[in-house]
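Here's the structure we're looking at; comments come further down.
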Number of protein chains: 2
Amino acid sequence: MIKHSRQRDAIRDNLMNRCDHPTAETVYMDIKEDFPNISLGTVYRNLSLLSELGEIQKISTGAGPDRFDGNVKPHCHFQCRMCYNVLDIPFEYPEELNAHASKKFPGIIEGNTIQFFGLCPDCMQTH
Amino acid sequence: MIKHSRQRDAIRDNLMNRCDHPTAETVYMDIKEDFPNISLGTVYRNLSLLSELGEIQKISTGAGPDRFDGNVKPHCHFQCRMCYNVLDIPFEYPEELNAHASKKFPGIIEGNTIQFFGLCPDCMQTH
DNA sequence: TTTAATAATAGGAACTGTTACTAATATTAA
DNA sequence: TTAATATTAGTAACAGTTCCTATTATTAAA
């Protein structure tokens with residue numbers, strides 16, 4: 001675990017201490033309370049760096065901005081097609097997928113992501 | 001199957017008659033040979049419309065622009081982390097995932113996507 | 001068929017999310 | 001303490017995509 005700048009640590013801690021999947025903008029607003037002068041660029045730079053280091057996870061959904069997750073254990077995500085909120089799907093991850101895919105694919109499989117979509121509990125009510 | 005404009009049909013046909021996963025820009029360049037005045041906006045608008053209708057599939061990878069696929073049967077995609085090319089992974093799709101996820105999730109699961117990443121056969125060589 | 005209503009277009013401006021640049025500041029190592 | 005390095009704030013630039021508007025194409029009605 002490499003040494004981090006104070007800003008980077010704050011960004012990392014913010015993600016570790018929450019269970020949702022905030023956007024860079026949301027993290028930025030949060031961190032601002034402790035670092036009023038922090039810039040959005042710094043947040044983006046450090047979120048990228050942290051996810052390259054494997055300390056956090058980046059979630060790209062294709063609807064709206066990227067999300068970030070302090071939980072790096074493999075797990076599935078769900079995005080609501082109405083409110084675009086991203087939630088965890090808590091089931092045991094199908095670990096065999098990579099091996100399975102490798103058999104059918106002449107390249108190197110390093111990982112995978114599973115994303116579900118539909119309606120979240122909240123939007124289910126409102127139809 | 002609704003009636004399409006000539007441009008929309010050309011876009012649809014282009015995707016049906018190829019096996020790769022072109023970007024909107026690539027489709028635009030192709031269609032231009034038959035419709036020299038077609039605009040990029042028209043390509044984007046129709047790609048969106050066609051994927052809402054379920055006639056084509058949109059692939060968002062989080063690295064580079066969206067890709068499009070004329071094959072709407074559920075199948076997995078792979079993106080190379082070096083060249084960003086997107087390829088099919090030809091194995092029987094795990095159809096049980098949705099049902100599995102539904103049991104653990106209080107919202108409505110409508111579908112899922114599985115994406116692999118790693119090195120494609122070409123980039124494997126060059127390291 | 002003309003005509004009226006509707007749908008779709010081309011072209012370009014505007015927008016969103018993100019990255020890159022730069023001069024200044026902080027950190028570390030000698 | 002000083003030199004080298006890392007990181008920052010602030011902002012400009014960028015990529016991809018959507019939106020807008022006046023014009024053109026298509027369709028439906030008379």
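In what follows, every chain begins at residue 1, and chains take the letters A, B, ... in the order their sequences are listed.
No side-chain N or O of B:His4 forms a donor-acceptor pair with one of B:Asp9 less than 3.5 Å apart. Judged by distance alone, the side chains of B:Thr42 and B:Gln7 never bring a donor and an acceptor atom under 3.5 Å apart. A donor-acceptor contact closer than 3.5 angstrom is absent between the side chains of B:Arg45 and B:Ser48.
Rounded to a whole Å, the NZ atom of A:Lys32 is 11 Å from the C1' atom of D:dA9. B:Leu49 has its CG atom 17 Å from the P atom of D:dT17, to the nearest Å. What separates CG of B:Asp9 from C1' of D:dT26 is a distance of 14 Å, to the nearest Å. Between the OH atom of A:Tyr28 and the P atom of D:dT11 there is a distance of 10 Å, given to the nearest Å.
With A:Arg18 as the partner, the side chain to side chain donor-acceptor pair (under 3.5 Å) test is satisfied by one option alone out of A:Asp30, A:Asp13, A:Thr26: A:Asp30.
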Worksheet, complete the sentence: With sugar-phosphate taken as primed atoms, P, OP1 and OP2 and all else as base, the protein-contact string of nucleotides 9-28 of chain C at under 4.0 Å (heavy atoms; B, S, -) is BBB-----SBB-------SS
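A donor-acceptor pair under 3.5 Å is absent between the side-chain atoms of A:His21 and the main chain of A:Arg67, judged by distance alone.
Here the shortest heavy-atom pairing between A:Cys80 and A:Phe78 reads N-CE2, 3.6 Å.
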